[in-house]
Amino acid sequence: MKTFVIFLLPCILLILARAQDNNGSFDPYATLFSPYTKQQWRSYQEKKINEGRKTELTFKVTYANGTQVEGAKLYIKQLSSDFHWGCGMTHRILNNTAYKKWFASKFTAADFHNELKWYWTERIQGQENYTDPDAMMKFADEHGIIVRGHTVLWDDVKYNQKWVKKLSPEKLLEAANKRVDSVVKRYKGRLIGWDVMNENLHHNFFEKRLGKNASSLFFNRVHKIDPDAILFMNEFNTTEHVNDELAPPEKYLRRMKKIQSFPGNSEIKMGIGLESHYGAEPIDLNYVRNSLDSLSQTGLPIWLTELDVKMDPKLQNSSGLQVIYLEEILRESFSHEAVKAMIIWTGASIDGCDVMCMTDENLVNTPIGDLIDALMEEWRTGEIEVVADFNGSCEVSVFNGGYEVTVVDPVTNGSSCVSFKADKVSSKKVDLKIMS
Ligand SMILES: *[C@@H]1O[C@H](CO)[C@@H](O)[C@H](O)[C@H]1NC(C)=O
Ligand SMILES: *[C@@H]1O[C@H](CO)[C@@H](O)[C@H](O)[C@H]1NC(C)=O
Ligand SMILES: *[C@@H]1O[C@H](CO)[C@@H](O)[C@H](O)[C@H]1NC(C)=O
Ligand SMILES: *[C@@H]1O[C@H](CO)[C@@H](O)[C@H](O)[C@H]1NC(C)=O
Ligand SMILES: *[C@@H]1O[C@H](CO)[C@@H](O)[C@H](O)[C@H]1NC(C)=O
Ligand SMILES: *[C@@H]1O[C@H](CO)[C@@H](O)[C@H](O)[C@H]1NC(C)=O
Ligand SMILES: *[C@@H]1O[C@H](CO)[C@@H](O)[C@H](O)[C@H]1NC(C)=O
Ligand SMILES: *[C@@H]1O[C@H](CO)[C@@H](O)[C@H](O)[C@H]1NC(C)=O
Ligand SMILES: *[C@@H]1O[C@H](CO)[C@@H](O)[C@H](O)[C@H]1NC(C)=O
């Protein structure tokens, strides 16, 4: 499966021509896909999506006596998706019922922008306050939204409290251990995973003060408290920029190996967190594809954790370009099976979204919101209706996830309902028996 990717690219290379000349005007697609055409990228992505995200199912309808039921009607309804669309969330959601409803209707995953960070929960040493994250977690739990714990600690000195920066190494270790215990024990078992040491490729605040093994030690401590959680590294510029020497995929993987090979860490369920903050410029999709391919060789889940695309108001049609670039990065990322979730760093403008907004303050879509809605629709099965052939069977290709099928007897109209999973490991054959 994995070698396939490596194989296919050279094959495609052979048949690719340069993007067409567009008579001098700026064609963003020509820049994005060069030297390929948009159609060539799309058809490869479609192929990967079909292979990695969808399952071809065969339904077989029979009566209790074994007779095949020609003409049985099947109503297939998707209940859940194995892929998660997520969104950043802030405490501003808490007093806004309409925004809560909007959020819960679209997303099954979330990251809190700042509310779980140490500087938020213990601004003053010894005075912990979990009011905001507690309430946000309650909202998420009530709506089945899975939450990533962002972040236990942060290696960037500038996001550590003044009082933290002043501590001696001994006192810092004590305070950081206390922080780990406090936040992880509070939410253990309720989160899908934790960012343990945010941005430890670009930064090294804790390593400088506590030694080279600091990150590994904290991964170990978090794991001991919350052993089922996925523990993530979370970094920017691993896929965004080919020329940031601090965080390319090779360095990411090397750092992760260090953490995994630290005594006591071999059992940790690791995850690859990619912030994915893209600039207001054509994305190097070739680099993104290669990077995701190489990270996925680990077999570990990849989560895009803070995905956004900047807008440069100085450019002509800047908001149009933002939509184009966002669509391309979403499509490219979705076509990699290892990408298990994409959390978009956006929301409604009431939430003070950072560099892009899905809606205005009245929850009316922006072009970004329209794009995301359209892709959400494209990448789910929703509800379909099929009729069994003369053999009582039918074949349907569905996005991986949880389903319910209602089968209706063509003679009596009696119906029954079964639920099943569509994915790589579950059976591709669904036998439906109509009892009379
Ligand atoms: C570019 O020019 C050619 C011929 O001069 C014309 O056929 C074509 O439609 C033009 N393409 C665009 C995108 O304007
Ligand atoms: C099997 O059961 C169905 C529905 O009860 C009935 O219509 C059909 O005649 C039966 N077939 C045989 C071979 O008994
Ligand atoms: C929520 O609280 C903020 C700050 O107190 C306030 O500005 C805003 O109007 C409130 N929103 C709603 C919908 O109550
Ligand atoms: C804790 O945080 C909440 C929400 O931000 C705030 O309203 C409250 O005053 C804080 N409590 C203390 C004791 O600072
Ligand atoms: C880091 O951990 C390794 C493995 O336990 C150990 O061999 C090494 O001495 C430690 N390095 C430091 C600087 O503590
Ligand atoms: C990411 O890398 C680019 C290219 O090296 C650099 O210009 C940019 O500042 C980096 N992003 C951040 C947030 O540091
Ligand atoms: C601006 O970009 C959008 C794509 O988002 C495109 O449909 C539209 O034609 C562009 N407008 C101009 C004036 O180039
Ligand atoms: C349908 O049934 C016939 C006869 O029982 C069999 O020859 C044929 O292969 C079946 N077709 C499918 C698609 O299962
Ligand atoms: C079954 O449903 C169809 C359409 O809903 C209806 O025309 C038919 O009369 C029904 N048959 C029985 C046996 O109820």
Side-chain angles (χ1 to χ4, degrees), residues 31-32 59-75 88 111 113-114 117 150-151 154-160 195 197-205 233-252 255 272-292 294-295 304-312 314-315 322 325-326 329 332-333 343-346 353-356 383 385-393 406-417 431-436:
T31 327
L32 280 165
F59 293 91
K60 189 95 194 165
V61 190
T62 53
Y63 286 121
N65 61 14
T67 304
Q68 297 158 349
V69 188
E70 177 179 2
K73 285 205 185 88
L74 277 69
Y75 300 93
D111 256 323
H113 277 234
N114 300 314
K117 289 171 185 166
H150 174 69
T151 176
W154 196 344
D155 239 348
D156 189 344
V157 61
K158 102 171 156 261
Y159 297 107
N160 282 281
D195 290 337
M197 181 61 84
N198 206 32
E199 299 174 352
N200 62 357
L201 288 173
H202 282 89
H203 304 287
N204 58 5
F205 171 70
M233 278 175 55
N234 193 50
E235 198 62 59
F236 59 91
N237 265 358
T238 299
T239 54
E240 296 95 311
H241 282 283
V242 68
N243 46 5
D244 184 335
E245 285 173 12
L246 289 171
E250 313 83 78
K251 284 207 175 141
Y252 194 113
R255 187 83 165 100
I272 296 175
L274 303 173
E275 292 180 12
S276 310
H277 292 296
Y278 289 91
E281 67 230 344
I283 296 166
D284 187 343
L285 289 174
N286 248 310
Y287 182 66
V288 173
R289 182 170 290 180
N290 288 333
S291 300
L292 290 175
S294 91
L295 292 167
L304 309 192
T305 59
E306 311 177 4
L307 176 61
D308 60 17
V309 173
K310 288 198 181 56
M311 183 172 76
D312 180 354
K314 290 194 298 294
L315 298 175
Q322 187 184 33
Y325 298 154
L326 179 64
I329 191 61
E332 182 55 38
S333 305
I343 298 183
I344 320 166
W345 224 230
T346 178
C353 37
D354 198 9
V355 304
M356 57 183 209
E383 290 181 34
E385 235 184 275
V386 285
V387 178
D389 65 12
F390 58 95
N391 284 337
S393 66
T406 303
V407 54
V408 179
D409 184 328
V411 181
T412 65
N413 285 351
S415 70
S416 54
C417 181
D431 289 316
L432 302 168
K433 276 216 160 25
I434 295 184
M435 300 299 172
S436 39

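Every number for a ligand or one of its atoms is a count from 1 in the order of the listing.
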Query raised in the report: Shortest non-hydrogen contact from L292 to S333?
Result: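 Looks like CD1-CA, 4.1 Å.
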
Query raised in the report: Taking all atoms of both residues into account, what is the closest heavy-atom pair of T406 and S415, and its distance?
Result: CG2-CB, 4.0 Å

Query raised in the report: Does an N or O anywhere in Y63 fall below 3.5 Å from an N or O of ligand 2?
Result: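 Checking ligand 2 against Y63, no N or O pair falls under 3.5 Å apart.
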
Query - Main-chain N/O of G273 paired with Y252 side-chain donor or acceptor, under 3.5 Å - result: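 Confirmed, Y252 side chain pairs with G273 backbone.
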
Query raised in the report: Is there a donor-acceptor contact under 3.5 Å linking the side chains of N391 and S393?
Result: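 Result is no, nothing qualifies.
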
Report task. Decide if atom NZ of K73 counts as having more than 12 heavy atoms of other residues, nucleotides or ligands within a radius under 6.0 Å. Result -> no

Query - Nearest protein heavy atom with distance in Å, relative to atom 10 (C) of ligand 6 - result: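 Result: N237 ND2, 2.5 Å.
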
Query raised in the report: Considering only protein heavy atoms, which is closest to atom 13 (C) of ligand 6, and at what distance to one decimal place?
Result: F236 CE1, 3.6 Å

Query raised in the report: Backbone or side chain, does any N or O of N413 fall under 3.5 Å from an N or O of ligand 9?
Result: yes

Query raised in the report: Considering the options E240, Q322, E281, which one meets the side-chain contact (heavy atoms from CB on, under 4.5 Å) requirement together with V309?
Result: Q322

Query raised in the report: For atom 5 (O) of ligand 6, which of T238, V242, N243, L246 has the closest heavy atom?
Result: N243

Requested in this report: Answer yes when E332 and R289 have at least one side-chain N-carboxylate O distance shorter than 4.0 Å, and no when they do not.
Outcome: yes

Query raised in the report: Of the backbone atoms (N, CA, C, O) and the side-chain heavy atoms from C-beta on, which set of D244 has a member under 4.0 Å from an atom of ligand 6: side chain, backbone, both, or neither?
Result: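 Both the backbone and the side chain of D244 come within reach of ligand 6.
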
Report task. Within a distance under 4.0 Å of any heavy atom of V411, pick out the atoms of ligand 9 and give their elements. Result -> 13 (C)

**Report entry** atom 7 (O) of ligand 9 protein-contacted, heavy-atom criterion under 4.0 angstrom
**Finding:** no

Query raised in the report: Any protein heavy atom sitting closer than 4.0 Å to atom 2 (O) of ligand 6?
Result: yes

Query raised in the report: Counting each atom of ligand 2 from 1 as listed, which ones have a heavy atom of T67 under 4.0 Å away?
Result: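 In order of numbering, the contacting atoms are 1 (C), 10 (C), 11 (N), 12 (C), 13 (C).
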
Query - Aromatic ring pairing H202/F236, orientation class (parallel under 30°, perpendicular over 60°, tilted between) - result: parallel

Query - Distance filter under 4.0 Å to H241 heavy atoms, resulting ligand 6 atoms - result: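 Listed by number with element: 1 (C), 2 (O), 3 (C), 4 (C).
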
